[in-house]
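Reading through the structure tokens given below for one structure.
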Amino acid sequence: MLNRIQHFINGEWVDSTDTEIINVINPANKKVIGKISDGTTEDLNRAVKAAKNAFLSFSKTTKKERITLLNQIADEFEKRKKEIVDTITLELGSPISNSYIPQFSMALAHYRQAAKELEDFEFVEYKNKAIVYKEPIGVSGLITPWNFPANQASTKIASAIASGSTVVLKPAQLTPFTAMIIADVFKAAGAPKGVFNLVNGSGKEIGNGISSHPDIDFVSFTGSGAVGQKITENAAKTVKKVSLELGGKSPLIVLKDCNIEKAVDITLSKSLFNSGQVCTAAAKIIIPEAIHDDFVKVLKKRISKFKIGDPQNQDTLIGPLVSEKQFNQVQKYIDTGIKEGANLIIGGKGHPEGFEGGFYARPTVFTNVNSNMSIAQEEIFGPVIPILSYEDIPEAIKIANDTIYGLAGYVIGNDKELAQETAISIRAGRVTINDAPEDYSAPFGGYKQSGVGREWGKYGIEEYLELKAILTE
Ligand code: TAP
């Protein structure tokens, strides 16, 4: 039982100002795995005060000092690999192999990448006779979701530290323990007191407190669109800069000349990874009419290879959803898909046989989906694959862009030129062709209602900077 009922403020683990606690559940068996404090506004105020004090000196550190600190953080993070991987597996229900790659490895990569970006990052630019200084933005409030507990926090923290800003993190109450290990990492790495602070608690109390706090200069949020809007409204009252990484309904366009087996494998991994609880998940699959039936035939065979199981088992590829709320949301969309007339060819409502004790949903595939259906428009955040078909490329692109979102997209095909042209036509912040690997130096973020601002690499660091022009004679 993990009993971590303290907050990390000013370089120390400290008691909460209240005794309220929150139970954390293992989604694979619904058992309580530990407790955290349900933080108060007073706890948040202490953390903000520490971050504000620390900013006075941390904002003056040199690039070299911050490169050293980021590498020390990365080293300490790496030392705790097993603890982090086990914790993600326990609190999120992510299969253990995925808790390592990419959950752990992505988070680690952000610290290393930020240190690397700093090497040749220019904090001073000369424009005619003006000198442009890029200064750290100040106290940054970070609010993170549960679906990538290490990665979502680490990309924000790494960028903030690289810029010389200080932070107050509020992780999701469903998955708080991984973030608490990050606090241990900061302590072990010898980070100056107050540079990193963590307050646990609810979005209602601590999240709202962050977005409306007069001493917080910037809020970086990842999560749902509804909460993103609320944060923006709150932040407007103190004219705070806000960066939002929200949801998506990312299209995956398969081109006619693809290798069908390969295309199916990529589709399944992009749709079903993390049980579909990924903001960049391939969430509407757009197939040429000419190969539709062959593609579906292969997909029916291949999907059984995605073994559902206990997240602790090395060969498990699909674990439970994170919570009952998430399970119910997925059930609702499966119901809606059926009611709206899509053709359910795999899966359906309920639990997979033998997995009734956790929040497991059945991997589900719908064909005969049209672009107006809710399952083609709304973010399901579960293992549900809607398949649509197209006659020609303009129609494929029209379907792909028929969404309020624009976070990611995918194109699979052999004709490199056509794949690239198609990728360019998708209105989204990050489009992957075939099975291209991640690139941590490239920007990550959304068009349209998928968000505001960018994370990762130098683009992430730039979010945490203010520009000052000094005009000289
Ligand atoms: P959210 O409610 O958006 O939670 C994300 C974070 O925001 C959590 O830390 C949450 O705190 C906090 N929060 C909640 N209300 C807040 C408020 N008023 N002010 C500031 N922070 C607040 O997400 P969810 O309810 O867990 O999931 C709902 C849906 O959001 C999912 O089904 C999915 O569609 C989407 N989602 C998207 C993403 C990404 S990466 N785009 C990630 C997760 C979920 P708590 O600890 O109280 O939850």
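One-based numbering, in listed order, for ligands and for the atoms of each.
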Chi angles and distances behind the side chain to side chain contact (heavy atoms under 4.5 Å, CB included) call for T144, K170: CA-CA 7 Å; T144 51; K170 188 214 99 60; over 6 Å; no

Please determine if [X] has a nitrogen or oxygen closer than 3.5 Å to a nitrogen or oxygen of ligand 1.
X    : answer
S224 : yes
S202 : no
Q329 : yes
P145 : no
K230 : no

Mark the output for F221 as yes if a heavy-atom distance to ligand 1 is under 4.0 Å, and as no if none is. yes

Please verify whether a non-hydrogen atom of Q152 lies at under 4.0 Å from ligand 1. yes

Restricting to heavy atoms, the pick from F381, Y405, F148, W146 nearest atom 27 (O) of ligand 1 would be W146

Side chain to side chain donor-acceptor pair (under 3.5 Å) between T178 and T87, worked out: CA-CA 6 Å; T178 305; T87 305; 5.3 Å; no

side-chain contact (heavy atoms from CB on, under 4.5 Å) involving Q329 - partner list, sequence neighbours excluded: Q326, Y333, F381

Any carboxylate oxygen within less than 4.0 angstrom of a Lys/Arg side-chain nitrogen, looking at D184 and R4? yes

Taking R46 first and then D43, would you say they form a salt bridge - that is, a charged N and a carboxylate O separated by under 4.0 Å? yes

Determine, counting only non-hydrogen atoms of the protein, whether one lies under 4.0 angstrom from atom 4 (O) of ligand 1. no

Quick one: does ligand 1 sit under 4.0 Å from the side chain of V227, the backbone, both or neither, non-hydrogen atoms only? side chain

Pair listing, ring pair (Phe, Tyr, Trp, His ring centres under 6.0 Å) test, anchored in residues 206-232, at least two apart: F218-Y464

